[in-house]
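Here is the structure we will look at.
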Amino acid sequence: MATATYITRSPAVTLSGKGTVSDQKTASPFKIPQFSMNRRRFTALFASLHNDNNTSNGSNKIRKAVGLEKLFEDSPYDAVSKDSSLHPRPLTSTPLPNTISDGPRLRVAYQGVRGAYSEAAAEKAYPNCEPVPCDQFDAAFEAVEKWLVDRAVLPIENSLGGSIHRNYDLLLRHNLHIVGEVKLAVHHCLLANHGVRVEDLKRVLSHPQALAQCEYTLTKIGLSREAIDDTALAAKHVAFEKLKDTGAVASSMAAKIYGLNILAENIQDDCDNVTRFLMLAREPIIPGVEKPFKTSIVFSLEEGPGVLFKALAVFALRQINLTKIESRPLRNQPLRASDDSNNGSKYFDYLFYVDFEASMAEERAQNALRHLKEFATFLRVLGSYAVDTTML
Ligand SMILES: O=C(O)C(=O)C[C@]1(C(=O)O)C=C[C@@H](O)C=C1
């Protein structure tokens, strides 16, 4: 368990004083079934797809002329970036060690206090790690970027409540890579101080996602809801303030940690309540094909009829299954004027986040992204990582 560590967004970051650690290095060149590519080529390919907001019409024409089959030859596609020392250094796709050789345990940032579901997700993702609580999602991203921790594990979507939009936005704002996913079954409990009955409660505190996941049950009991940063913090607040008219929606672990009574178990609106978390690191992993992999990307498109259809077709044409699509406002350019200047209308401008079931080590995935790059105005690969199959 973490010590009294709590990372905040304020400049005064408080840490337990552990040193930084380095990631596992891999031998180069490496081989994976189906094709081989040395580290330089992989790095160039990944880097060129990792953050390309430079797609001009001129270079698109060159790309079309060159053809997709020249993927691994020197071509305008990867020539731009292959010798830059700024490229991310890929890690291995084999499971990462949970301790750094002879050193401290892997330090994993999560949002919340002890007993939050995110802490459980961090422990599931990296067994035997040292979970490091952060007050906000941004603080967890920053902690990884500043080498204060080794990884972050953050929620991205829930089967009942939907997407955690804040983390979609932060994925783009920060430069971390998705290196894995972990799914956690979330069983909410109604907690209160000892001696307090359900009838005594007037309101309930919890994380907005948790409140949304228990919407039906809480309405039935007739409790007013109040949002708080995380479920465990709600439990802590109820316990520390010795509240008699207020309960918390949180885990049984939070009840144990903060000495609360469990008034009701499994109060979520559906017994299949699963939250998917992303594992984030400073460097990407080298994608493999030895197990099911998934790739997450974000892109933007020109405005026009059928453009999104065309973008999604690059996957359909290659039999690549999409598992998620999410659109978010393009914040630095939220509105776009119509091409027809007489018309005077403006469109909302969007970013599209797509998860697809293929590894970046597969040629069909590389080709799909080459194809998409021809007409996307921006494209970034957020990560290619092993699918969490533990809940299938
Ligand atoms: O509040 C917590 O305990 C969290 O870990 C956050 C969070 C979320 O953001 O979705 C994680 C899992 C549950 O879906 C509810 C809340």
Side-chain angles (χ1 to χ4, degrees), residues 1-2 5-8 108-126 129 131-141 143 149 151-171 178 180-191 204-218 225-239 246-258 260 262 264-280 324 326 388 390-391:
M1 283 294 158
T5 312
Y6 200 96
I7 295 187
T8 68
V108 181
Y110 69 95
Q111 189 269 327
V113 297
R114 282 200 56 213
Y117 293 102
S118 299
E119 183 190 39
E123 283 168 336
K124 184 176 176 189
Y126 298 106
C129 70
V132 178
C134 298
D135 69 339
Q136 299 293 331
F137 292 137
D138 321 40
F141 274 88
V149 296
R151 304 280 184 274
V153 171
L154 297 172
I156 196 72
E157 61 175 330
N158 172 268
S159 54
L160 297 177
S163 295
I164 288 106
H165 295 130
R166 178 87 188 126
N167 282 334
Y168 275 100
D169 296 342
L170 289 172
L171 276 173
I178 306 173
E181 65 170 6
V182 65
K183 290 178 189 146
L184 188 80
V186 174
H187 302 290
H188 290 303
C189 303
L190 180 61
L191 311 180
V204 71
L205 307 179
S206 198
H207 185 279
Q209 270 282 337
L211 294 172
Q213 292 158 22
C214 303
E215 175 76 36
Y216 176 76
T217 318
L218 297 176
R225 283 140 245 193
E226 216 168 285
I228 202 161
D229 279 353
D230 68 271
T231 56
L233 189 62
K236 189 175 175 180
H237 184 75
V238 168
T246 305
V249 172
S251 64
S252 54
M253 177 56 88
K256 206 164 148 191
I257 294 171
Y258 302 108
L260 292 177
I262 300 180
E265 277 179 302
N266 274 322
I267 59 163
Q268 66 280 354
D269 294 343
D270 192 297
C271 57
D272 284 332
N273 186 27
V274 174
T275 301
R276 187 167 79 94
F277 293 78
L278 297 179
M279 294 145 73
L280 303 172
K324 177 90 204 269
E326 181 74 39
D388 177 7
T390 59
M391 308 218 61

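Just so it is clear, the structure is predicted and the values come from calculations on it, not from any experiment. All ligand and atom numbering here is 1-based and tracks the order in the structure.
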Next item on the list: Identify, with sequence neighbours excluded, every residue that meets salt bridge (charged side-chain N to carboxylate O under 4.0 Å, His left out) alongside E157.
Entry: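 Here the qualifying residues are R276, K324.
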
Margin query: Could you check whether any side-chain N or O of S118 sits under 3.5 Å from a backbone N or O of Y110, counting only pairs where one atom can act as donor and the other as acceptor?
Written below: no

Notebook entry, point to check: Is it the case that H207 and D230 place a side-chain donor and acceptor less than 3.5 Å from each other?
Noted result: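 No, no side-chain donor-acceptor contact under 3.5 Å.
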
Next item on the list: Would you please name every residue forming a side-chain hydrogen bond (donor to acceptor under 3.5 Å, both in side chains) with H188, sequence neighbours left out?
Entry: Y117, Q213

Check: What residues form a side-chain hydrogen bond (donor to acceptor under 3.5 Å, both in side chains) with D270, not counting sequence neighbours?
Finding: none

Note to self: For ligand 1, give me the residues whose heavy-atom distance to it is below 4.0 Å, by chain and number please.
What the structure shows: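 If the criterion is a heavy atom under 4.0 Å, then ligand 1 touches A116, Y117, S118, P155, N158, I164, H207, Q209, Q213, D230, T231, T275, F277.
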
Checklist line | From Q209 atom CD to T231 atom OG1, the distance as rounded to the nearest 0.5 Å | finding: 11.5 Å

